[in-house]
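Structure first, commentary second.
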Amino acid sequence: MRIERIISTGQASPPGFWYSQPQSEWVTVLQGSAGLKFENEKEVRVMNAGDFVNIPALCRHRVEWTSTEEPTIWLAIYYAEETQDKAGEV
C-alpha cells in the first residue's frame with residue numbers, strides 16, 4: 001500500500017496520455033476540483049472537495065483539468081488486490 005498527497009495547480013495529463021497502473025487506486029479530492037476521464041466513459045467526471053473514486057488496476061484514466069483558481073489537493077491510496085493462495089485462503 002502507498003499513500004500520497006498530490007497538489008495540482010492547473011495541471012492536466014498530456015494529450016493522448018493515459019494512466020494505467022498495476023495497482024488499484026482510491027482517490028479523493030480534499031480541496032479544489034478536477035475533471036477525471038475514464039477511457040470507457042463518454043463524460044468527464046467532475047470531482048469537488050469530498051468526492052472520491054476507486055480506480056481498479058489497469059483502468060485507463062487521465063486528468064482532463066484541475067482548478068486554476070485554487071490548488072487541488074488529492075489523497076491517493078494505491079493498493080494491490082488480495083489474491084487467493086493455492087489452499088483457497090485469502
Side-chain angles (χ1 to χ4, degrees):
M1 179 184 303
R2 185 175 87 241
I3 300 172
E4 288 185 6
R5 182 183 73 163
I6 302 163
I7 301 175
S8 303
T9 53
Q11 291 91 344
S13 299
F17 174 83
W18 294 91
Y19 290 99
S20 180
Q21 63 255 8
Q23 60 280 101
S24 296
E25 175 184 0
W26 182 90
V27 64
T28 186
V29 174
L30 301 175
Q31 175 185 303
S33 59
L36 285 182
K37 175 75 172 115
F38 291 86
E39 185 178 49
N40 63 348
E41 295 180 1
K42 289 184 180 185
E43 300 295 322
V44 173
R45 289 192 194 189
V46 176
M47 296 188 62
N48 295 299
D51 293 340
F52 63 91
V53 64
N54 190 61
I55 304 170
L58 304 177
C59 176
R60 288 171 52 101
H61 63 286
R62 52 182 282 111
V63 177
E64 288 291 310
W65 56 268
T66 59
S67 176
T68 58
E69 301 296 317
E70 65 178 324
T72 299
I73 301 175
W74 311 76
L75 177 66
I77 301 173
Y78 303 90
Y79 64 95
E81 297 286 334
E82 292 186 18
T83 58
Q84 292 186 343
D85 65 15
K86 292 181 183 178
E89 297 179 11
V90 176

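A quick note: this is a predicted structure, and the numbers were derived from the prediction, not measured. Counting begins at 1 with the first residue of the sequence.
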Exercise for review: Please identify each residue that fulfils side-chain contact (heavy atoms from CB on, under 4.5 Å) with E69, with sequence neighbours left out.
Suggested key: S67
**Study point:** Atom OH of Y19 with >12 non-hydrogen neighbours under 6.0 angstrom
**Key:** no
Point to revise | Q11 (side chain) donor-acceptor with T66 (main chain) under 3.5 angstrom | key: no
Exercise for review: Can you measure from CG (L58) to CD (Q21) and round to the nearest 0.5 angstrom?
Suggested key: 8.5 Å
Point to revise | Shared hydrophobic cluster, W26 / I3 (ILVMFWY, side-chain heavy atoms < 4.5 Å) | key: yes
Study note, to complete from the structure: So OG1 of T9 and CD1 of I73: to nearest 0.5 Å the spacing works out to 11.0 Å
Exercise for review: Return the minimal non-hydrogen interatomic distance between E39 and W18, and the atom names on each side.
Suggested key: N-CZ3, 3.5 Å
Review point. Is there a path from W65 to V27 through hydrophobic residues (I, L, V, M, F, W, Y) whose side chains come within less than 4.5 Å of each other?
Key: no
Exercise for review: Would you indicate whether R5, at its atom CZ, is surrounded by more than 12 heavy atoms from other residues, nucleotides or ligands within a distance under 6.0 Å?
Suggested key: no
Check your understanding: When rounded to the nearest 0.5 angstrom, what is the spacing between CZ in F38 and CD in E43?
Key -> 13.5 Å
Exercise for review: Verify the cluster assignment for V44 and F17: are they in a single hydrophobic cluster under the rule of side-chain heavy atoms below 4.5 Å apart?
Suggested key: no
Review point. Same cluster or not: are I7 and I77 linked, directly or through other Ile, Leu, Val, Met, Phe, Trp or Tyr residues, by side-chain heavy atoms under 4.5 angstrom apart?
Key: yes
Exercise for review: Give a yes or no answer on whether the side chain of R62 reaches the backbone of S13 with a donor-acceptor pair at less than 3.5 Å.
Suggested key: yes
Review point. In terms of hydrophobic clustering (I, L, V, M, F, W, Y; side-chain heavy atoms under 4.5 Å; direct or indirect links), are L75 and I55 co-clustered?
Key: no
Study note, to complete from the structure: On a heavy-atom basis, the closest approach of A57 and S24 is N-OG, 3.2 Å
Check your understanding: Within the distance-only criterion (no hydrogens, no angle test), does the side chain of S33 pair as donor or acceptor with the backbone N or O of M47 below 3.5 angstrom?
Key -> no
Check your understanding: Measuring from D51:CG to L30:CG, what's the distance to the nearest 0.5 Å?
Key -> 11.0 Å
Point to revise | From E25 atom CD to Y79 atom OH, the distance as rounded to the nearest 0.5 Å | key: 9.5 Å
